[in-house]
Engineer: 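Please read through the structure below; I'll follow up with questions.
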Protein chains: 2
Amino acid sequence: MAKTILVVDDEKRLVSVVEAYLEQEGYHVIKAYNGREALHIARDEKPDLIILDVMMPEMDGLEFMQHHRKESDTPIILLTAKVESDDRVIGLELGADDYVIKPFRPRELLARIRAVLRRAGETRPVASKLQSGDITLDRDGHTVEVSGEYVDLTPSEFDILSALMSSPGRVFSRLELLDRIQGTAYEGYERTIDVHIKNLRAKIEHDSRDPQYIKTVYGVGYRFARE
Amino acid sequence: MAKTILVVDDEKRLVSVVEAYLEQEGYHVIKAYNGREALHIARDEKPDLIILDVMMPEMDGLEFMQHHRKESDTPIILLTAKVESDDRVIGLELGADDYVIKPFRPRELLARIRAVLRRAGETRPVASKLQSGDITLDRDGHTVEVSGEYVDLTPSEFDILSALMSSPGRVFSRLELLDRIQGTAYEGYERTIDVHIKNLRAKIEHDSRDPQYIKTVYGVGYRFARE
DNA sequence: CAATGACTTCACAATTCCTTTACAGTTCTC
DNA sequence: GAGAACTGTAAAGGAATTGTGAAGTCATTG
């Protein structure tokens, strides 16, 4: 069964980006925008993991942990800004299992999540293979097979293809795809995606001038062909 | 059939780490978080070995042993903190088979487990040998053979190779590999893994500049060749 | 307590990847 | 069909990641 992850941060945009990414990875995501709210939700929903911003209004992350630790030992990953590196120590002493420094890339956070969940005894990851037509994408092995042949993709290419294949037929805007690979790191230039798509097509399409898998939706974005 | 090991400690995190490690080594692990709970579980499940923390709430390790010894002679390995060195003597007098001082590294504990189980007349756990291509790794003998020749690996190198070979084709992040060799991950520098990998490659690859076994997955981690 | 080996950290080199730019090609709108 | 808007693409500089030798630290052994 899918693991439930509670994401707590007052930056709604960040929460959305993380949510989209984790859901695409097969996790069930619930959200809260401050510590107080998070406490109630954690009680009711009993998530398998909590991702927690240190800096928040109402009740900050450290305060949340002090309360929460009294009633549960759910693993916690802290999000900290660079300058707050002291919080890191405090956080780990208060019982955080790991921390990630903002801004971070989704794949970075994912690596931490996997490690923490595995440490917490979960050897059962989510369904790790996506298949569509002649293409098989394996998230565990980070490999892509086209017509039985392994194709080497860069991290960004892999993330984009992974996003597209997670919902064949659905159109992803460039911004969404950018979020997948950059997170909230910085506002990037959307056209960067075009270049990744070009390179992706060169690797997985039989004829990149008449793509069968990655279709362009004029004025909107890209989508993976549904069969 | 796989040996069953009961791990008893009130530090859940520690139990999880030990569990993950032992399961990877082919043991079946059951858990308890205090002495009272452990007594019931030991009765029902009849583990082949018990790993027992001395300091615990409710019923501590020594108390547990007094009760347990009346009904069974399951081998017991004690976990003690440094300061409790007196407990060690008491524990051994009460019938512990060995003890390990906290904090310990997983392989340290593993060595004790093997020794105790061997002494108790048991044979090896399942799947003690991993083979792939020209490489054979023997977890029992702690040996590695490449093209029929024995190769000397350091403990860390052995653990990393063992992890990688346990799931060929799966990518392990540096964080995960750090977990394998350190037990606790958030402290420690991920790039340390790079150095171990370099040294490993020098020992097992025919051409370490074009590795056939240990592949780098850029931006993600390392994996044992999938073919 | 010296010596050996293992582990970690650091600094820099080597490699791979990402982004941006500029322009060409395509699709849409009127 | 012309112009505007959008997309495809090649190339180059810069950023990020990995490889590696060496020094320093720690633990173990003789």
Side-chain angles (χ1 to χ4, degrees), chain A residues 101 103-108 111 142 151-161 171-175 177-183 185-205 207-211 213-223, chain B residues 82 100-101 103-108 111 142 151-161 171-175 177-205 207-211 214-223:
Chain A
I101 292 173
F104 56 88
R105 302 195 166 198
R107 61 169 52 255
E108 167 71 12
H142 223 262
V151 174
D152 277 330
L153 300 186
T154 69
S156 292
E157 288 159 11
F158 185 88
D159 284 343
I160 289 173
L161 184 60
V171 183
F172 288 77
S173 71
R174 287 176 175 71
L175 203 55
L177 294 174
L178 204 54
D179 281 345
R180 291 292 195 289
I181 62 181
Q182 293 193 340
Y186 18 69
E187 280 305 317
Y189 177 47
E190 295 189 14
R191 294 296 310 282
T192 299
I193 297 300
D194 295 32
V195 179
H196 288 310
I197 294 286
K198 182 203 68 168
N199 295 330
L200 244 181
R201 281 175 171 157
K203 290 179 180 179
I204 68 173
E205 299 283 0
D207 176 7
S208 64
R209 271 166 309 183
D210 177 25
Y213 297 116
I214 300 177
K215 304 281 193 183
T216 302
V217 182
Y218 190 95
V220 187
Y222 299 94
R223 71 176 162 79
Chain B
K82 265 193 197 114
V100 176
I101 293 174
F104 55 87
R105 303 197 164 194
R107 69 162 161 278
E108 164 73 11
H142 222 261
V151 173
D152 275 332
L153 299 187
T154 70
S156 291
E157 287 159 10
F158 185 87
D159 285 346
I160 289 174
L161 184 59
V171 180
F172 289 77
S173 70
R174 288 173 174 72
L175 201 60
L177 295 174
L178 252 190
D179 263 2
R180 303 291 174 124
I181 64 178
Q182 294 195 338
T184 59
Y186 55 77
E187 49 197 44
Y189 180 46
E190 296 189 11
R191 293 295 310 280
T192 299
I193 296 300
D194 294 33
V195 179
H196 287 309
I197 293 286
K198 183 200 67 168
N199 296 330
L200 244 180
R201 280 175 172 159
K203 290 179 179 178
I204 68 173
E205 299 281 359
D207 176 8
S208 64
R209 271 165 308 182
D210 178 26
I214 300 178
K215 304 279 193 182
T216 302
V217 182
Y218 190 98
V220 188
Y222 297 95
R223 110 177 119 219

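Proteins come first, then strands; the chains are lettered A, B, ... in the order of their sequence lines, and each starts at number 1. Every heavy atom of this structure was used, including side-chain atoms; hydrogens, water molecules and symmetry mates were not.
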Engineer: Quick one: Ile193(A) CD1 to dC17(C) P, roughly how many Å, whole number?
Structural biologist: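 Value for this atom pair: 17 Å.
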Engineer: Assign Tyr222(A) to base, sugar-phosphate, or nothing according to its heavy-atom contacts below 4.0 angstrom with the strands shown.
Structural biologist: sugar-phosphate
Engineer: On DNA chain C, nearest-nucleotide positions of Leu153(A) versus Thr154(B): which is more 5'?
Structural biologist: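 Nearest nucleotide further toward 5': that of Thr154(B).
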Engineer: Which residue is it: Leu161(A), Leu153(A), Ile160(A)? I am looking for the one with a side-chain contact (heavy atoms from CB on, under 4.5 Å) to Glu157(A).
Structural biologist: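 With Glu157(A) as partner, side-chain contact (heavy atoms from CB on, under 4.5 Å) holds for just one option, Leu153(A).
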Engineer: Under 4.0 Å from OP1 or OP2 of dA16(D): is there any side-chain N or O of Arg105(A) that close?
Structural biologist: no
Engineer: Using the test ring pair (Phe, Tyr, Trp, His ring centres under 6.0 Å), find all partners of Tyr218(B) that sit at least two apart in sequence or belong to another chain.
Structural biologist: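 With neighbours one apart ignored, the set is empty.
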Engineer: Rounded to the nearest angstrom, tell me the gap between atom CD in Glu157(B) and atom P in dA6(C).
Structural biologist: 8 Å
Engineer: Looking at Thr216(A), I'd like to know whether one of its side-chain N or O atoms comes within less than 4.0 Å of OP1 or OP2 on dG8(D).
Structural biologist: yes
Engineer: Check this for me, if you would: do Asp152(B) and Lys203(B) make a salt bridge, where the nitrogen-to-carboxylate-oxygen distance has to be below 4.0 angstrom?
Structural biologist: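 Looking at Asp152(B) and Lys203(B), the cut-off is not met.
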Engineer: Figure out the CG/C1' separation between Asn199(B) and dG21(D), and round it to whole Å.
Structural biologist: 10 Å
Engineer: Please say whether more than 12 non-hydrogen atoms of neighbouring residues, nucleotides or ligands are located less than 6.0 Å from CG in Asp207(B).
Structural biologist: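 Counting neighbours around CG of Asp207(B), more than 12 heavy atoms of other residues, nucleotides or ligands fall under 6.0 Å, so yes.
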Engineer: Could you check Asp194(B) against Tyr222(B) for side chain to side chain contact (heavy atoms under 4.5 Å, CB included), going step by step and ending with a plain yes or no?
Structural biologist: CA-CA 9 Å; Asp194(B) 294 33; Tyr222(B) 297 95; 3.5 Å; yes
Engineer: When the C1' atoms of the five terminal pairs at each end define the local axes, what inter-axis angle does the helix from dC1(C)-dG30(D) to dC30(C)-dG1(D) show, to 10 degrees?
Structural biologist: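 What I find for the helix from dC1(C)-dG30(D) to dC30(C)-dG1(D) is an axis angle of 40°.
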Engineer: Nucleotide by nucleotide, 5' to 3', does protein get under 4.0 Å of the base (B), only the sugar-phosphate (S), or neither (-) in nucleotides 20-30 of chain C, counting heavy atoms?
Structural biologist: BB-----BS--
Engineer: Does dA6(C) have OP1 or OP2 under 4.0 Å away from a side-chain N or O of His196(B)?
Structural biologist: no
Engineer: Which residues pass the side chain to side chain contact (heavy atoms under 4.5 Å, CB included) test with Val220(B), sequence neighbours left out?
Structural biologist: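 Applying side chain to side chain contact (heavy atoms under 4.5 Å, CB included) to Val220(B) gives Arg107(A), His142(A), Val171(B), Val217(B).
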Engineer: Just how far, in rounded Å, is C1' of dG8(D) from NZ of Lys203(A)?
Structural biologist: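 Between C1' of dG8(D) and NZ of Lys203(A): 17 Å.
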Engineer: So, is Gln182(A) close to the dC18(C) phosphate, meaning a side-chain N or O under 4.0 Å from OP1 or OP2?
Structural biologist: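 Result: no.
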Engineer: Between Asp194(B) (CG) and dA22(D) (C1'), how many Å, whole number?
Structural biologist: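 It is 16 Å, rounded to the nearest whole Å.
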Engineer: Can a donor-acceptor pair be found, under 3.5 Å and without considering hydrogens, that links the side chain of Glu205(A) to the backbone of Tyr213(A)?
Structural biologist: yes
Engineer: Can you sort out the partners of His196(A) under ring pair (Phe, Tyr, Trp, His ring centres under 6.0 Å), two or more places apart, ordered by chain and number?
Structural biologist: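 His196(A): no ring pair (Phe, Tyr, Trp, His ring centres under 6.0 Å) contacts found.
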Engineer: Can you check the Ile181(B) CD1 to dA27(D) C1' distance for me, whole Å?
Structural biologist: 15 Å
Engineer: Which nucleotide in the set dT9(D), dC18(C), dG21(D) lies at the smallest distance from any side-chain heavy atom of Lys198(A)?
Structural biologist: dT9(D)
Engineer: Among residues at least two apart in sequence or on other chains, which ones pass salt bridge (charged side-chain N to carboxylate O under 4.0 Å, His left out) with Arg201(B)?
Structural biologist: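 Once residues adjacent in sequence are excluded, Arg201(B) has no partner under the salt bridge (charged side-chain N to carboxylate O under 4.0 Å, His left out) criterion.
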Engineer: Send over the distance from His142(A) NE2 to dT17(D) P, rounded to a whole Å.
Structural biologist: 13 Å
Engineer: If you compare every side-chain N and O of Ser156(B) against the phosphate oxygens of dA6(C) (OP1, OP2), does one of them come in below 4.0 Å?
Structural biologist: no
Engineer: For the residue pair Ile214(B) and Ile204(B), establish whether any side-chain heavy-atom pair is separated by less than 4.5 Å.
Structural biologist: yes
Engineer: What integer distance in Å separates Ile197(A):CD1 from dT7(D):P?
Structural biologist: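 Checked: the CD1 to P distance equals 11 Å.
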